[in-house]
Amino acid sequence: MADTSYLSWPFFEAHHRQLAQRLRAAGDTIADDAKGSDEYTIASKLVRKLAEHGLLSAAVPTLENTAAAGLDVRSICLSREHLAYHSAMADFVFAMQGLGSGPISLFGTPAQQQEYLPRVANGESIAAFAISEAEAGSDVASIACSAEKRGGDYILNGSKHWISNAGIAGFYVVFARTGEAAGAKGLSAFIVDAHSKGLATERIDILSPHPLGRLVFENCKVPARNLLGNPGEGFKIAMATLDVFRSSVGAAALGFARRALDEACQHAKARKLFGQNLADFQITRERIADMALEVDASALLVYRAAWVKDSGAERVTKEAAMAKLYATEHAQLIIDRAMQMLGGAGLVAESVLERLYRDIRPLRIYEGASEVQKLIIAGQILGK
Ligand SMILES: Cc1cc2nc3c(=O)[nH]c(=O)nc-3n(C[C@H](O)[C@H](O)[C@H](O)COP(=O)(O)OP(=O)(O)OC[C@H]3O[C@@H](n4cnc5c(N)ncnc54)[C@H](O)[C@@H]3O)c2cc1C
């Protein structure tokens with residue numbers, strides 16, 4: 001990463017700078033580990049590799065590492081930014097180990113934490129977070145998948161759509177309707193082991209490599225001890241988890257944007273045309289200035305949200321929404337400008353820019369589309 005000067009910003013402490021150094025040192029090896037054609041195999045391999053590098057502990061607090069301190073959002077964001085710079089798949093794997101186990105880190109009983117978190121942190125088990133449905137994406141409160149209490153179990157019926165790690169996860173945190181009240185207040189969260197009878201998965205392929213699919217529950221029995229929090233707290237658990245991880249989507253976008261800017265600068269300095277370097281033209285300079293400005297603005301918003309959360313704020317809904325919205329939308333623009341500067345070379349299949357162009361797109365949709373982030377920000381400012 002060409003510009004690391006932002007690490008001297010007062011948002012960071014010494015352990016963040018050390019983490020950034022470790023991430024930089026591991027970057028090229030991780031990029032090599034991420035090579036291959038099947039995203040399911042690569043993701044499974046990368047989980048173990050990230051664990052070997054000791055990089056999953058920032059996403060998953062365990063008794064051995066930071067349970068007492070809890071989740072440190074600046075460490076999560078720094079990890080995602082650096083991993084995304086080198087490999088979208090490495091970023092994805094890290095993010096999902098965190099998001100998928102986040103409800104357990106934040107709301108699990110000591111027994112649930114002990115059973116699941118160490119295996120997620122050491123790469124033995126892959127985590128997944130299942131809230132979206134075909135008819136309930138942005139509108140989470142309309143979830144239809146049901147969980148009915150029968151004796152010492154809950155029986156799940158229905159389906160989940162667009163679930164990252166479907167098919168390779170060891171367990172899914174599933175949000176289902178238990179019916180304590182209408183809408184959002186009638187949802188609960190469950191840890192569902194992947195081998196549970198009555199659970200099937202189907203694969204969905206999208207424009208950038210991403211293990212993704214559908215979960216189908218048919219009378220799937222889940223022990224009541226796998227309930228997270230209390231019945232009816234599912235929405236609260238989901239929103240609190242997203243509050244921690246949402247700014248990190250902006251951090252991943254920032255990593256993609258920094259990579260695009262570095263690629264563009266390198267190319268502009270080397271490419272000769274009309275008797276001079278591409279970098280000497282004023283149009284190029286204006287473009288580079290705009291990109292650098294937007295990268296810094298994204299970084300400020302991302303690390304402000306992370307720092308506010310780490311400083312003890314219970315919720316950072318507005319700050320996290322601003323960080324995600326700005327960083328993802330501008331990363332898309334930055335990558336597009338970089339691609340334009342590379343000319344035909346930017347379009348070559350599997351080149352860095354071509355991959356970034358595809359990899360950034362889902363970030364403007366998942367964990368709340370940009371339009372939803374705008375509604376959240378306006379809601380926070382105007383009052384609900
Ligand atoms: C790569 C990828 C990975 C994902 N991983 C997961 C996962 O692991 N777990 C999980 O539970 N879900 C996951 N999702 C689902 C994701 O969170 C949803 O796709 C997202 O919330 C949008 O829901 P939707 O696709 O149903 O779109 P819809 O809700 O139908 O929205 C479609 C579009 O409508 C617009 N829109 C929405 N609301 C408004 C509004 N109020 N006003 C104006 N316009 C609006 C937005 O442009 C939005 O993109 C993933 C999605 C993708 C693409």
Side-chain angles (χ1 to χ4, degrees), residues 39-40 43 47 59 80 84 88-89 91-103 120 126-145 156 158-177 184 187 189-192 194 201-217 228 234-235 237-239 241-246 248-249 252-253 256 320-321 324-325 328-329 331-332 355 357-380 382 384:
E39 60 260 44
Y40 288 77
V47 172
R80 288 200 70 176
M89 189 59 89
D91 162 61
F92 161 77
V93 163
F94 172 89
M96 283 316 302
Q97 289 300 84
L99 181 67
S101 64
V120 178
I126 293 181
F129 181 93
I131 192 163
S132 304
E133 297 179 5
E135 302 301 328
S138 307
D139 182 10
V140 172
S142 66
I143 279 178
C145 182
L156 268 62
S159 64
K160 294 283 164 188
H161 218 85
W162 313 117
I163 306 308
S164 299
N165 285 337
I168 55 171
F171 67 90
Y172 303 86
V173 171
V174 178
F175 297 84
R177 185 159 297 287
L187 304 174
F190 301 90
I191 309 168
V192 181
T201 60
E202 294 164 8
R203 182 172 167 155
I204 302 173
D205 292 318
I206 58 166
L207 84 170
S208 66
H210 193 114
L212 189 73
R214 192 165 167 255
L215 310 181
V216 182
F217 301 96
L228 280 162
F235 189 76
I237 292 173
M239 291 308 123
T241 307
L242 291 173
D243 216 48
V244 171
F245 287 94
R246 186 166 276 145
S248 81
V249 183
F256 291 155
K324 184 195 184 251
L325 173 65
T328 56
E329 290 290 327
Q332 182 92 62
R355 276 193 284 111
Y357 192 78
R358 290 184 287 117
D359 290 335
I360 183 60
R361 194 62 186 86
L363 278 64
R364 293 169 55 207
I365 293 175
Y366 73 61
E367 286 188 43
S370 296
E371 293 76 5
V372 172
Q373 304 306 329
K374 286 184 183 170
L375 292 179
I376 292 173
I377 295 164
Q380 293 286 314
L382 295 168
K384 295 270 152 64

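As the structure is a prediction and not an experimental result, all values here were calculated from the model. Note that ligands are numbered from 1 as they come in the structure, with each ligand's atoms numbered from 1 the same way.
- When atom types are taken as modelled, the side chain of Arg214 and the backbone of Ile204 share no donor-acceptor pair closer than 3.5 angstrom.
- In this structure, the side chains of Leu363 and Phe256 come closer than 4.5 Å at one or more pairs of heavy atoms.
- Counting only distance, with no hydrogens or angles, the side chain of Arg177 and the backbone of Ile143 share a donor-acceptor pair below 3.5 Å.
- More than 12 heavy-atom neighbours from other residues, nucleotides or ligands sit within 6.0 angstrom of CD on Glu202.
- When atom types are taken as modelled, the side chain of Tyr357 and the backbone of Gln332 share no donor-acceptor pair closer than 3.5 angstrom.
- Contact shell of ligand 1 (protein heavy atoms, cutoff 4.0 Å): Met96, Phe129, Ala130, Ile131, Ser132, Gly137, Ser138, Trp162, Ile163, Ser164, Ile206, His210, Leu212, Pro362, Ile365, Tyr366, Glu367, Ala369, Glu371, Val372, Leu375.
- Judged purely by atom type and a 3.5 angstrom limit, Glu133 uses its side chain to pair as donor or acceptor with the backbone of Cys145.
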